[in-house]
Amino acid sequence: MSETAPAAATKAPAPDANRWKALTFIALAQLMVVLDATIVNIALPSAQQDLGISDGNRQWVITAYALAFGGLLLFGGRIADLWGRKRTFVAGLVGFAAASALGGAATNEAMMLGARALQGAFGALLAPAALSLLAVMFTEPKERAKAFGIYGAIAGGGGAVGFILGGLLTEYLDWRWTFFVNIPFAVVAAAGAYFVIREPSGSRNRSPLDIPGVVLSILGLVTLVYAFTRAESDGWGDSTTVGLFVAAVVLLAAFVFTESKVKAPLLPLRVITERNRGGVYLSLGLAIIAMFGLFLFLTYYLQLVLGYSPVKTGLAFLPMIGGMMVGSTQIGTRLMTRVPPRLLMAPGFLVAAAGMLFLTQLELGTSYASVILPGMILLGLGMGTAFMPAMSLSTHGVEPRDSGVASAMVNTSQQVGGAIGTALLNTIAASATTAYIKDHIGGAGSQAQQQLVQLEGQVHGYTNAIWFAVGILVLAATIAATFINTGRPDTAAVTGSGEGAEDELKVPVIAH
């Protein structure tokens, strides 16, 4: 073996001895944030009844979190670069715990919605800080692969775990515990991070904050997420919905123009124009659209059609979580340093699409073991295999001073993708269900037959939407295969793009 890295690589600081302990607390915090995105869904009916929230306003329990989280992510990533990732990470955890306590103690609708918005805001500080800490702490390719494998498995499978935990807490304790459960997570992660994490020196971006960029990005992303949320409830042709989409496009276009002109942009365009990172953000966002839509449909199918309890529904997702863990920590991690990332991401998305294909066969009496189980396993394996290199590549070649905002971009693509997936696929399912019932209800004489037609219509809607999800995953695989062209991590130094390349994070390279 001989060293082939540039001279600058030898100046890289020695890895932090506590980096693996730090990973434990970073992973715990990430699990808490991802869990919270789905755990409240299961508890929502009980919370709505207790707090007297109207049917028209119940969506805001989910939407308030999504708007604050999605809208503030870029700002949170920039704060992490400016203020320090460890400090931002701990502050985000403490704030998230306080907001969770407020939500669990809510006595009315306003208190609940305020708590959810605060959770989203502190989550937007926490999530990019967590990912960027990994980016600056794990620089050796094989260690980086393992670290991002664990992180990717949690990011991918945590949402499904939320369904299980939400079901258990709601059924056996009380819906309030879906909020209170975050507090021990946050306290342990914050204490561990405070004493264990040592952020590498010289990696902050102390440029002044880009206030116009902050305002435009928050307004643009909040408007976009709200537009998709409104489209789900009021329809795509609603005049207000259309106006919101137009406003979102104008605001985000103004944001991009501003970022190209200001001296210290909130989102340096070099972060998203590098083809590998751009390919990750786009393909991962598409994959999340497909996956979040499926979570919603399978939850409804298992409970409303097959009659599963909340706990049994949660447990039914376990094979997918297992598949994600195996795909991410075993397949992805072992192959990450042996093959180019596109040869993991593209096949991973295609395997997930094959799992989705199984689920297009859903009918009223479909067997869990013969259709749903293999579909979930394939979906988990594929997503887990693709997620691990995607998480690692989200900060591929980025300058250390930009790692926070680059990390925020991958979280933004997931958050916006989740909002789009829920709205888009739910609308497709609802339209197909309405059409099916209209065509078949005339032949149903008795009330029992009419109820049967309505159930068949729901399943027909789910399978129609899942077919669209299959196509979206194939598109994600195509983008990953064509955009991402970097080699395997141990064949070239991790280099950046754009100005300031001499300050980028260098990784020592070993030639075999």
Side-chain angles (χ1 to χ4, degrees), residues 156 159-160 228 231-232 235-237 282-306 313 316-317 319-320 323-324 345-387 414 416-440 452-481:
F228 276 105
E232 181 185 0
W236 295 88
L282 190 54
S283 62
L284 192 60
L286 287 168
I288 292 292
I289 288 175
M291 192 169 74
F292 265 61
L294 181 76
F295 281 173
L296 185 69
F297 299 137
L298 272 184
T299 301
Y300 281 130
Y301 176 80
L302 293 171
Q303 290 194 25
L304 300 182
V305 179
L306 297 188
T313 300
F317 280 96
M320 184 170 69
M324 283 184 174
M345 288 183 66
F349 289 139
L350 290 177
V351 169
M356 288 275 195
L357 274 176
F358 266 92
L359 298 171
T360 61
Q361 303 173 52
L362 291 178
E363 295 176 353
L364 282 185
T366 295
S367 163
Y368 177 84
S370 62
V371 175
I372 301 173
L373 178 62
M376 282 192 168
I377 291 173
L378 285 173
L379 181 66
L381 280 173
M383 286 295 200
T385 300
F387 265 36
Q414 291 181 72
V416 174
I420 294 172
T422 303
L424 178 63
L425 295 181
N426 207 33
T427 303
I428 292 168
S431 298
T433 296
T434 301
Y436 183 93
I437 293 174
K438 185 179 179 181
D439 290 343
H440 294 81
L452 182 65
V453 168
Q454 288 176 342
L455 276 178
E456 288 173 343
Q458 285 186 354
V459 177
H460 177 74
Y462 301 156
T463 55
N464 265 264
I466 293 171
W467 272 111
F468 273 87
V470 171
I472 291 169
L473 281 173
V474 171
L475 179 59
T478 304
I479 289 171

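Note that the structure is a prediction, hence the values are computed from the model and not measured. FYI, side chains are in, hydrogens and waters are out, and symmetry mates aren't considered; it's all heavy atoms of this structure. The chain is numbered in sequence order, starting from 1.
Taking all atoms of both residues into account, the shortest heavy-atom contact from Ala316 to Leu302 is CB-CD1, 3.8 Å. The nearest pair of heavy atoms linking Ala432 to Gly461 is CB-CA, 3.8 Å. Nearest heavy atom pair, residue Thr463 against residue Leu362, reads CG2-O, 3.5 Å. What you find for Pro374 and Ala369 is that their closest heavy atoms are CD-O, 3.3 Å. In this structure, Leu473 and Met383 approach most closely via the heavy-atom pair CD2-CE, 3.6 Å. Heavy atoms only, all atoms of each residue included: Ser283 and Met345 are closest at OG-CE, 3.5 Å.
The environment of Gln361 atom CD is dense: over 12 non-hydrogen atoms of other residues, nucleotides or ligands sit within 6.0 angstrom.
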Exercise for review: Could you please spell out the steps behind the side chain to side chain contact (heavy atoms under 4.5 Å, CB included) verdict for Ile479 and Leu286?
Suggested key: CA-CA 10 Å; Ile479 289 171; Leu286 287 168; 3.4 Å; yes
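Taking the side chain as every heavy atom from C-beta outward, Leu306 and Thr366 never approach each other to under 4.5 Å. Looking only at side-chain heavy atoms (C-beta outward), Phe317 and Leu298 come within less than 4.5 Å of each other. The shortest distance between side-chain heavy atoms of Met356 and Val474 does not fall below 4.5 Å. At least one side-chain heavy atom of Val459 sits under 4.5 Å from a side-chain heavy atom of Val305. A 4.5 Å side-chain heavy-atom check between Ile288 and Phe387 finds at least one atom pair inside the cut-off.
Taken to the nearest 0.5 Å, the CG atom of Leu378 stands 9.5 Å off from the CG atom of Leu373. Summarising the geometry, atom CD1 belonging to Ile289 is positioned 7.5 Å from atom CG belonging to Leu425; distances are rounded to the nearest 0.5 Å. Summarising the geometry, atom CG belonging to Asp439 is positioned 11.0 Å from atom OG1 belonging to Thr434; distances are rounded to the nearest 0.5 Å. With values rounded to the nearest 0.5 angstrom, Met291 atom CE is found 6.5 Å from Met320 atom CE. Rounding to the nearest 0.5 angstrom, the gap separating the OG1 atom in Thr360 from the CZ atom in Phe468 is 13.5 Å. Separation of atoms CD (Gln454) and NE2 (His440) is listed at 13.5 Å; rounding is to 0.5 Å.
For Tyr462, the ring-ring contact (aromatic ring centres under 6.0 Å, His included) partners two or more places apart in sequence, or in a different chain, are Phe297. For the side-chain contact (heavy atoms from CB on, under 4.5 Å) test, residues two or more places apart in sequence or in another chain that qualify with Leu452 are Leu364, Glu456.
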